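Since the structure comes first, as structure tokens, the remarks are kept for the end.
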Amino acid sequence: MKSPDQIAAWEVRSLNHPAVVVHAHNWLEAFGLAMAEMGQDHELSRLACERLPNGQFLVNDLGRRERYTVLPSTD
């Protein structure tokens, strides 16, 4: 397991945007970086997040009805 101060590669996927690989300390930081890279600069006010047993995170933007998957990258 990585310590909290180590940076890892994360892949963020969405049906409406190409997948983005970013480097971050954790999945939430990775999600924020990927949103900026995808050009999604709107304010996120209603998110529902779930961690799956396989290490993936599902993020539902309830306000815009978009779904994202954040997972450790194999790159």
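Remember, it's a predicted structure, so these values are computed and weren't measured experimentally.
No chain of hydrophobic side-chain contacts below 4.5 Å, direct or via other Ile, Leu, Val, Met, Phe, Trp or Tyr residues, connects Met35 to Leu71.
Side-chain contact between Val59 and Val70: present, with at least one pair of heavy atoms (C-beta onward) separated by less than 4.5 Å.
Summarising the geometry, atom CG belonging to Leu33 is positioned 10.5 Å from atom NE2 belonging to His25; distances are rounded to the nearest 0.5 Å. In this structure, Phe31 CZ and Asp61 CG are separated by 6.5 Å, a value rounded to the nearest 0.5 Å. In this structure, Leu28 CG and Trp10 CH2 are separated by 10.0 Å, a value rounded to the nearest 0.5 Å.
When every heavy atom of Val22 is checked against every heavy atom of Ala30, the shortest pair comes out as CG2-O, 3.5 Å. Counting all heavy atoms, side chain and backbone alike, Val21 lies closest to Ala9 at CG1-CB, 4.4 Å.
Taking the six-membered ring for Trp and thresholds of 30 and 60 degrees, His17 and Tyr68 have nearly parallel ring planes, at less than 30 degrees apart.
For Arg67, the side chain to side chain donor-acceptor pair (under 3.5 Å) partners are Asn60, not counting sequence neighbours.
Among pairs with a residue in residues 13-38, those fulfilling salt bridge (charged side-chain N to carboxylate O under 4.0 Å, His left out) read Glu11-Arg13, at least two apart in sequence or across chains.
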Name the atoms and distances for all side-chain donor-acceptor pairs under 3.5 Å in residues 44-58, with sequence neighbours left out.
from: Asn54; atom 1: OD1; to: Gln56; atom 2: N; distance (Å): 3.1

